[in-house]
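The next block holds one structure in the form of structure tokens; read it before the comments.
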Amino acid sequence: MTEEKQRLEALIAQSRRIVFFGGAGVSTESGIPDFRSQDGLYNQQWAWPPEEILSHDFFFSHTAEFFRFYREKMLVKAAPGAAHLRLAALEAEGKLTAVITQNIDGLHTDAGSRRVYELHGSVRRNHCLSCGAAYGLELLENTAGIPRCPACGGLVKPNVVLYGEGLDSEVLAGSIAALRAADLLIVGGTSLAVYPAAGLLRYYDGGPLVVINRTPTPADRLADLVIRTPIGQTLAPV
Ligand SMILES: [Zn+2]
């Protein structure tokens, strides 16, 4: 075990109200691509940058193109990785109070985590813009093109926070309460580039801060421990 891993495990052992704040890096190890990575394939297939396609205005002005991208890039089958599983285990042991994630893939829930604040929503939930009916992932899996409400024919929208939309106030309030009560904050798999989500960290002032990310983040200078090894390997049980 590396010295960094020993220090991380010592911090986990002494803590009772751990909060994990994570991003895309937690899920890329499960095979979910980071949509921001612009590979050659991407550039050949899409005429807009992902941030534009995944925006509120684009959803309504280019709905078919939105769902072509969404179905191909966002609805990727994957299984939880070592990091998801360890976090669920820590919650079951009574040591971790919440996972706050910028991911929309639902993998923390699949791993068994119960208190998960999904800042950007989830691909698992959809709703009809006309009648409000709620639908699961199946509606998108079992249809093609633009999804329509089986009850009223209205346009169905994923419960995913698009660029240009605000975060859910209840999710925000829960995240803030968890951060305020935390005695250890582990930030992992995120470069903390996306606001307002990244700005939430200012609500934590309880104790040690650990950052696990391959590249530098704005939180590194405040951290007690910075780890650059892959997050699954870093969080895997000893
Ligand atoms: Zn409807």
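When a ligand or atom number is given, it counts from 1 through the structure's own listing order.
- The pair Glu4-Arg7 fails the salt-bridge criterion, with no side-chain N (NZ, NE, NH1 or NH2) lying under 4.0 Å from an Asp/Glu carboxylate O.
- Listed by chain and number, the residues in a side-chain contact (heavy atoms from CB on, under 4.5 Å) with Glu9 are Met1, Lys5, Ile12, Arg86, Val238 (sequence neighbours excluded).
- Considering every non-hydrogen atom in both Cys152 and Cys128, the closest pair reads SG-SG, 3.6 Å.
- Sorted by first and then second residue, the salt bridge (charged side-chain N to carboxylate O under 4.0 Å, His left out) pairs involving residues 195-223 (not counting sequence neighbours) are Asp220-Arg228.
- Protein N/O/S atoms found under 2.8 Å from the Zn ion (ligand 1): Cys128 SG, Cys131 SG, Cys149 SG, Cys152 SG.
- Salt bridge status for Glu118 with Arg124: absent, with no side-chain N to carboxylate O gap under 4.0 Å.
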List, one per line, each side-chain donor-acceptor pair under 3.5 Å for residues 168-181, sequence neighbours excluded.
unit_1 : atom_1 : unit_2 : atom_2 : d
Asp168 : OD2    : Glu170 : N      : 3.0
Asp168 : OD2    : Val171 : N      : 3.0
Ser175 : OG     : Val171 : O      : 2.8

